Number of protein chains: 2
Amino acid sequence: MKYKKRTPVTKITIQDVALAAGVSPATVSKVLNAVPYVSAETESRVRAAMDRLNYRPSSIARSLKIKSTSTLGLITNDLEGVFTMSMMRGVEEVATQQGFSVFLCNSYGEAERERAHLLVLMDKHIDGVILLNGFRVGERPAPALPVGNIPVVYLFQYTHELAVPSIIPDDFGGAVMGTQHLLDCGHRRIGVINGPANYEATHERLKGYRQTLEAAGIPFDPALIRAGKWYESSGYALAHELMSQPNPPDALFCMSDSLAVGAMSALRERRLRVPDDISIVGFDNRAFAAHQTPPLTTVLLPLVEMGRLAGELLLQAIQTGQQTGEIHRVPCQFIQRASTRLTA
Amino acid sequence: MKYKKRTPVTKITIQDVALAAGVSPATVSKVLNAVPYVSAETESRVRAAMDRLNYRPSSIARSLKIKSTSTLGLITNDLEGVFTMSMMRGVEEVATQQGFSVFLCNSYGEAERERAHLLVLMDKHIDGVILLNGFRVGERPAPALPVGNIPVVYLFQYTHELAVPSIIPDDFGGAVMGTQHLLDCGHRRIGVINGPANYEATHERLKGYRQTLEAAGIPFDPALIRAGKWYESSGYALAHELMSQPNPPDALFCMSDSLAVGAMSALRERRLRVPDDISIVGFDNRAFAAHQTPPLTTVLLPLVEMGRLAGELLLQAIQTGQQTGEIHRVPCQFIQRASTRLTA
DNA sequence: CTGAAAGCGCTAACAA
DNA sequence: TTGTTAGCGCTTTCAG
């Protein structure tokens with residue numbers, strides 16, 4: 001009776017519930033937030049009123065009061081990049097699971113747009129932000145706008161200007177896996193078709209290859225190494241080059257699945273059967289890898305897992321209020337399919 | 001590793017600005033919202049105070065008052081689908097441009113998750129929602145949760161249960177373009193490699209092909225038509241089938257770029273040069289189409305444009321408060337590259 | 001255990 | 001033109 005009744009046709013508020021349950025709004029708030037010291041009897045009466053009225057608390061009003069929105073921002077520099085999606089999926093997954101929503105923002109790689117997004121995100125009081133790179137792992141500067149004390153994580157990139165977590169794949173480890181598998185298959189002359197030198201990944205992967213080889217007592221032979229673009233056409237051309245040498249490789253480690261597809265097509269032209277005559281391993285585990293003939297053995301880039309980790313680290317930072325400037329290298333995963341096999 | 005601890009920071013409010021400018025909060029609000037009848041002198045004083053204090057209004061507080069958040073929800077059933085990204089890009093583009101933010105939600109195609117997302121989106125007071133399909137165009141039921149009076153648009157899908165706008169590509173028109181081009185090149189026996197029958201697109205496209213042929217006075221020959229999966233391997237197999245017939249086609253219209261890539265590889269095996277011996281046209285304009293050898297002539301699926309339209313229609317509905325249950329077919333676009341050419 | 005009261009930061013009548 | 005006054009719907013001391 002002491003609480004003003006409001007028109008029930010509009011939004012149902014905590015007041016309405018209080019009135020219906022014969023308690024005060026404060027009490028309703030308490031059951032809403034699972035605050036202890038509410039009698040079971042009162043609680044059930046309130047709960048009953050809530051779902052009788054079909055009550056849904058307003059996150060806006062709540063946010064205004066508690067200064068937190070259960071919302072995070074995801075700013076990507078490339079919404080078309082081949083790797084972007086999977087990482088986003090991982091982020092969305094853990095965010096949703098923990099009751100957070102994610103704002104999707106595309107900066108197109110432009111600082112000005114990033115600034116603008118950061119501005120509105122901060123106005124909207126997001127609790128944290130992920131800066132996602134869709135192209136290639138690399139270093140980048142601080143956010144285009146000082147984010148004050150809101151937590152940040154770098155995904156598929158890293159920075160030294162801020163003490164925030166970064167998440168990148170373990171390219172080195174992935175190359176070790178691929179190389180070791182080929183070694184285990186009995187191959188001794190393993191050719192490499194790599195990507196452009198301006199990707200850190202190409203160096204990491206080559207290093208992984210080289211180190212694994214040397215650990216197995218096999219000398220590194222520069223004649224077996226080629227590099228070009230990441231595309232199929234490059235794989236095609238370089239495989240031909242590699243195979244037309246006097247002492248050609250008996251296996252090919254292609255540092256992207258596209259490269260591998262191109263190489264397979266060259267191999268086919270040379271009447272070499274995969275995997276009978278030559279084994280081939282790709283990298284990335286793109287969707288099409290499984291649909292090749294034969295299905296491509298490859299090294300999975302742990303994109304979804306990286307996205308998940310990004311989400312987890314961000315949520316953790318939001319909850320604990322602190323974060324460390326650590327670089328997390330997420331391990332790759334070896335995917336055995338039919339383009340490699342044990343040699344006799 | 002360095003720890004970054006977050007320090008509490010006192011937010012600057014409209015009060016602070018009012019105080020600093022020697023006016024009332026109401027007046028500051030007025031300049032903020034460009035309400036007329038504020039003297040130029042006062043306005044500039046307020047503005048000065050605002051940026052001296054580095055003031056940023058709280059959208060939360062504002063939203064609570066005005067009951068609108070300049071935010072929309074985007075719920076996709078597939079965050080890995082090949083078409084999803086481009087559509088999202090279009091949506092994000094127009095949203096950002098009009099000062100809206102977009103919440104990214106993945107339903108994984110499950111009604112329960114869609115419901116859950118819708119629930120929190122509505123709690124967060126979004127102004128509208130886009131239901132995006134990442135797989136294939138098709139009909140679907142109403143949203144998994146009654147959305148009351150908030151505007152909805154269906155993207156890459158449509159419904160008859162709700163009078164809301166739907167946006168789909170004009171597959172028929174796209175097929176007409178591809179076929180007409182091949183006709184213009186001088187081809188008369190145009191083979192078709194199609195996708196699975198459980199995609200509406202395959203029927204629309206075949207219809208476009210057939211109608212264009214007949215309009216040109218060329219009888220439809222079922223022997224020239226093949227269908228299978230959308231994958232490369234299918235294109236490869238079906239191209240072989242088609243070409244091993246007594247009277248083989250002199251051109252191939254593949255209803256996806258993947259199919260076209262597979263077909264090209266079969267053609268290469270048969271020692272047929274593209275485009276010298278045979279022309280080939282794809283569909284979709286996936287990223288890899290441009291990187292084939294030769295670069296693939298194809299029909300662009302207008303995904304980004306569709307995303308944009310979805311955003312525009314939604315924003316329009318938000319502004320006008322009304323929407324119509326119309327199905328918008330966005331035209332495809334012909335992309336000429338090097339896999340087709342005029343025959344002598 | 002429950003409720004009254006005081007806001008969170010902003011907007012919108014209505015006065016002045 | 002500008003300021004006063006009420007809230008938007010919720011949380012949170014602090015009394016009772």
Side-chain angles (χ1 to χ4, degrees), chain A residues 1-47 49-50 53-71 120 122-125 127, chain B residues 8-47 49-50 53-70 120 122-125 127:
Chain A
M1 346 290 138
K2 312 185 204 148
Y3 302 111
K4 287 189 282 187
K5 187 166 60 171
R6 40 185 32 80
T7 34
V9 41
T10 350
K11 167 85 174 159
I12 286 165
T13 77
I14 203 172
Q15 299 265 0
D16 301 313
V17 176
L19 197 65
V23 298
S24 77
T27 300
V28 177
S29 174
K30 278 169 195 147
V31 350
L32 227 38
N33 296 287
V35 170
Y37 308 127
V38 175
S39 77
E41 197 273 325
T42 304
E43 173 171 352
S44 67
R45 220 168 57 242
V46 170
R47 289 236 127 84
M50 291 200 306
L53 298 183
N54 223 295
Y55 170 68
R56 290 252 98 211
S58 154
S59 343
I60 297 282
R62 177 156 213 275
S63 294
L64 178 59
K65 189 67 190 164
I66 71 178
K67 269 123 186 43
S68 127
T69 52
S70 291
T71 293
V120 339
M122 291 177 73
D123 290 349
K124 289 203 165 143
H125 257 95
D127 297 324
Chain B
V9 116
T10 41
K11 168 89 173 147
I12 287 165
T13 77
I14 203 172
Q15 297 267 1
D16 301 316
V17 176
L19 201 63
V23 298
S24 77
T27 300
V28 178
S29 173
K30 278 169 195 147
V31 349
L32 227 39
N33 296 288
V35 170
Y37 307 128
V38 175
S39 77
E41 198 273 325
T42 304
E43 172 170 353
S44 67
R45 219 169 59 242
V46 169
R47 290 236 128 83
M50 291 201 303
L53 298 183
N54 223 295
Y55 170 68
R56 293 251 94 211
S58 153
S59 344
I60 298 281
R62 177 155 213 275
S63 294
L64 178 58
K65 187 68 191 169
I66 70 177
K67 270 128 183 44
S68 127
T69 52
S70 291
V120 339
M122 293 176 74
D123 289 349
K124 290 204 164 141
H125 257 98
D127 296 324

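This one's a predicted model, so the numbers in the text were calculated from it and none came from an experiment. Each chain gets a letter, A, B and so on, in the order the sequences are listed, and its residues count up from 1. Computed over heavy atoms, backbone and side chain alike; hydrogens, waters and symmetry mates excluded.
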At 10 degrees resolution, what angle do the end axes of the helix from C:dC1-D:dG16 to C:dA16-D:dT1 form when each is taken over five base pairs?
40°
Under the 3.5 angstrom rule, does the side chain of B:Asp127 hit a backbone N or O of B:Thr69 as a donor-acceptor pair?
yes
Write down the distance between CD1 (B:Ile60) and C1' (D:dT11), rounded to a whole number of angstrom.
15 Å
Criterion side chain to side chain contact (heavy atoms under 4.5 Å, CB included) on B:Met50 and B:Leu32, from CA distance to verdict
CA-CA 10 Å; B:Met50 291 201 303; B:Leu32 227 39; 3.6 Å; yes
Side-chain touch A:Arg62/A:Asn33, heavy atoms, less than 4.5 angstrom
yes
Quickly work out the B:Arg45 CZ to D:dT1 C1' distance and round it to whole Å.
12 Å
Would you kindly give the NZ-to-C1' distance between B:Lys67 and C:dG9, to the nearest whole Å?
14 Å
Measuring to OP1 and OP2 of D:dT12, would you say a side-chain N or O of A:Ser29 lies under 4.0 angstrom away?
no
Please report the interatomic distance CG(A:Asn54) to CG(A:Asp16), rounded to the nearest 0.5 Å.
12.5 Å
Quick one: side-chain hydrogen bond (donor to acceptor under 3.5 Å, both in side chains) partners of B:Ser68, sequence neighbours excluded?
none
Taking atom P of C:dA12 as reference, at what distance in whole Å does atom CD1 of B:Ile14 sit?
11 Å
Expressed as a whole number of angstroms, how long is the span from A:Glu43:CD to C:dC1:P?
11 Å
Side-chain donor/acceptor of B:Arg45 to backbone N/O of B:Ala21, under 3.5 Å
yes
Quick one: do B:Ile14 and B:Ser29 satisfy side chain to side chain contact (heavy atoms under 4.5 Å, CB included)? Show the steps, please.
CA-CA 7 Å; B:Ile14 203 172; B:Ser29 173; 3.9 Å; yes
Please tell me which of the listed nucleotides, C:dG9, D:dC10, C:dC10, lies nearest to the side chain of A:Arg62?
D:dC10
Listed pairs, N/O of protein and of nucleotides 3-5 of chain D, under 3.5 Å:
| residue | atom | partner | partner atom | Å |
| --- | --- | --- | --- | --- |
| D:dG3 | OP2 | B:Ser24 | N | 2.8 |
| D:dG3 | OP2 | B:Ser24 | OG | 3.4 |
| D:dG3 | OP2 | B:Thr27 | OG1 | 2.8 |
| D:dG3 | N7 | B:Lys30 | NZ | 3.4 |
| D:dG3 | O6 | B:Lys30 | NZ | 2.9 |

Please state whether the phosphate of D:dA6, meaning OP1 or OP2, lies under 4.0 angstrom from any side-chain nitrogen or oxygen of B:Lys65.
no
Side-chain heavy atoms of A:Arg56 within contact of A:Lys11, under 4.5 Å
yes
Starting at atom CE of A:Met50, determine the distance to atom P of D:dG9, rounded to an integer number of angstrom.
17 Å
Measure the shortest side-chain to side-chain distance between B:Leu64 and B:His125 over non-hydrogen atoms and say whether it is less than 4.5 angstrom.
no
Which nucleotide in the set C:dC1, C:dG9, D:dT12 lies at the smallest distance from any side-chain heavy atom of B:Lys11?
C:dG9
For B:Glu41 and A:Asn33, take the nucleotide of DNA chain D holding the closest heavy atom to each; which residue's nucleotide lies nearer the 5' end?
B:Glu41
Among D:dC10, C:dT2, C:dC10, which is the nearest nucleotide to the side chain of A:Ala61?
D:dC10
Whole-Å gap separating P (C:dG9) and NE2 (A:His125):
8 Å
Separation of C:dA15 atom P from B:Tyr37 atom OH, nearest Å, is 18 Å
Does A:Tyr55 make a side-chain N or O approach to OP1 or OP2 of D:dC10 shorter than 4.0 Å?
yes
What nucleotide among C:dC8, C:dT11, D:dT11 has an atom nearest to a side-chain atom of A:Leu32?
D:dT11
Is any side-chain heavy atom of A:Thr71 less than 4.5 Å from a side-chain heavy atom of A:Lys124?
no
Tell me what B:Leu64 touches on the nucleic acid: a base, only sugar-phosphate, or nothing, going by heavy atoms under 4.0 Å.
base
Output the single nucleotide from C:dT2, D:dC10, C:dG9 whose closest atom is nearest the side chain of A:Pro57.
D:dC10
